[in-house]
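Counting convention: from 1, in listed order, for ligands and their atoms alike.
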Amino acid sequence: MEFLQSKESGTSDRSKYKSNGAENNNGAYLVWEDLTVVAQSLKNGTTKKLVSGLSGYAEPDRIMAIMGPSGSGKSTLLDALAGRLSRNTLMTGNILLNGKKAPIDSRDVSYVTQDDYFLGTLSVREILTYSSHLRLPSKMTNNEIDEIVQETIVKMGLQDCAENKIGNWHLRGISTGEKRRLSIGVEILTQPKVLFLDEPTSGLDSASAFFVLLVLNSIAHDGRIVVCSVHQPSGHLFDLFDDLLLLSNGETIYFGDAKLAVKVIPTSSNSQIKLTTDEIKAKLVEKYKDSDISKNMRKRVQELALSEQVEIVSNKSNAGWWKQLWTLSGRSFLNMSRDMGYYWLRTLFYILVSVSAGNLYFNIGLSYQSIVQRAKCDAFVYGFMICLSIGGLPFFLEEFKMLMMMASEIFKLLPDLPKFFWRYPMSYISFASWAIQGQYKNDMIGLDFDPQNPGDTEVKGEEVLQKIFGVELDHSKWCDLLALLVLLVSYRLILLAALKYKEKSLSLLRRLYASHFRQPVKQLMLMKEKFISSKTNQPTP
Ligand SMILES: Nc1ncnc2c1ncn2[C@@H]1O[C@H](COP(=O)(O)OP(=O)(O)OP(=O)(O)O)[C@@H](O)[C@H]1O
């Protein structure tokens, strides 16, 4: 149910937003039962269990830490719970949100990744405002959105840097800790019931990490579930966690109250010194399985799984398609106009190139040799424009130098192109062929050049175009310009359609992949289980 579908009538979107937040104490319970994730290598088809038979639950008002050594499956468990496992994996088991199977793209779940991606030229307030316009319902007024943004800024403790820019390669911006809090702020704009965070404190100094966890704590105490993976937190950070899930090799070795963990988890003893790390891990897993904590946890999981299915009132309803397009375009233009390297520096280069080329070829005249000089000038100007327009792509910078070295060599006459593919269809859908033809026509039509041999008749520009450059004169330079505009719009529309239908086609591919992959993996898992049970049933010699 969307949050817009509130039964209350006459209330503003802002009040609906508030009433559907966690303030009304309708917090959700998250339960996972016998969760196993298997990955298949795309190279040789071998499979690997990433996490195995995990069960547990997360409650509102509490913050849970998933801990364990590197490679123990923390991120895999978070990804599984958030429904964002990679395509080469298969998950078995149940994930329930308030007793209901959570849909993969559940709108009540937000995920904060380890990396922060923001446009460096925007301020903290602008980032939050644009995100709100993109993710909150179109019906919300600007004032309502500004209010939500201000509340989020205060909640995240970002008041002091609210008007500061994020920062980029030439602009010193906000600190890493502030960026991390901003990432969390962006995710809580939509008031999710469950917030997952992948290593929210990694790369932060202890004061910043402490502040981030304080913020998470206050979010959790708004009636939300907060689950995060953490790597070796210090003592005072650990104290801020309510629950702990400790993993080793993809299996649970502790699940429960974080404060009790220290008392329950066995410390190293002399007898363990002789054991290998794998043996110690196996012992800890076995010990946990047989413990009362594990039995109580399973009982609670069963209770929560069988509890009445409460309809979750979703807080999220994305803005409409047009509003998203408008917001993204506005954000992009603002970023471009502020980014010195992207916009202003490039404009300066365009002017410099135009002035230089104009100077070099000034008063080139109408001698026979000037024909080739003119062609070189046109090709150079066009080549430079192309390079500057795509020079923003980092991987292109190396290629760029190569291209400039051979600028005059890369053009081939249209009639000389291989018919299949390069002539038809490539020359028709290529920006370059229309641009160069238009430029040549603009430069040469109407001119009379000196003949190659003295005494011959003058050479007409039209003749040069047709005979030397293979340019047909069946359409004017304005048609070439029109073709460029059509290509410009068409390519953008194609990209838009590709982005819009990407998800649908990807999910189709995923289904095809799963139907191909599921059967062999299930068989393999069955065989492994049979093998293990036959081994454990064998009498010991
Ligand atoms: N899609 C995948 N395909 C194959 N192997 C994977 C995949 N995802 C994770 N793994 C492997 O599963 C194991 C657990 O990975 P995971 O990222 O969950 O560990 P982690 O505890 O989060 O580690 P870290 O603390 O280093 O981030 C690792 O050995 C990893 O290489």
Problem - Polar contact flag, side-chain donor to acceptor under 3.5 angstrom, Thr327-Gln324 - result: no

Practice task
Give a yes or no on whether a salt bridge exists between Arg298 and Asp34, defined as a side-chain N under 4.0 angstrom from a carboxylate O.
Solution key: yes

Problem - Heavy-atom side-chain contact between Ile153 and Arg125 under 4.5 Å - result: yes

Practice task
Please determine, by modelled atom types, if Asp205 and Ser208 share a side-chain donor-acceptor pair under 3.5 angstrom.
Solution key: yes

Practice task
Could you name the protein residues that come within less than 4.0 Å of ligand 1, counting only heavy atoms, and order them by chain and residue number?
Solution key: Ala39, Lys48, Leu50, Pro69, Ser70, Gly71, Ser72, Gly73, Lys74, Ser75, Thr76, Ser86, Asn88, Thr89, Glu199, His231

Exercise for the section: Determine whether the side chains of Thr113 and Asp198 contain a donor N or O and an acceptor N or O closer than 3.5 Å. Expected result: no

Exercise for the section: With the side chain counted from C-beta on, respond yes when Trp32 and Leu30 share a heavy-atom pair under 4.5 Å apart, and no when they do not. Expected result: yes

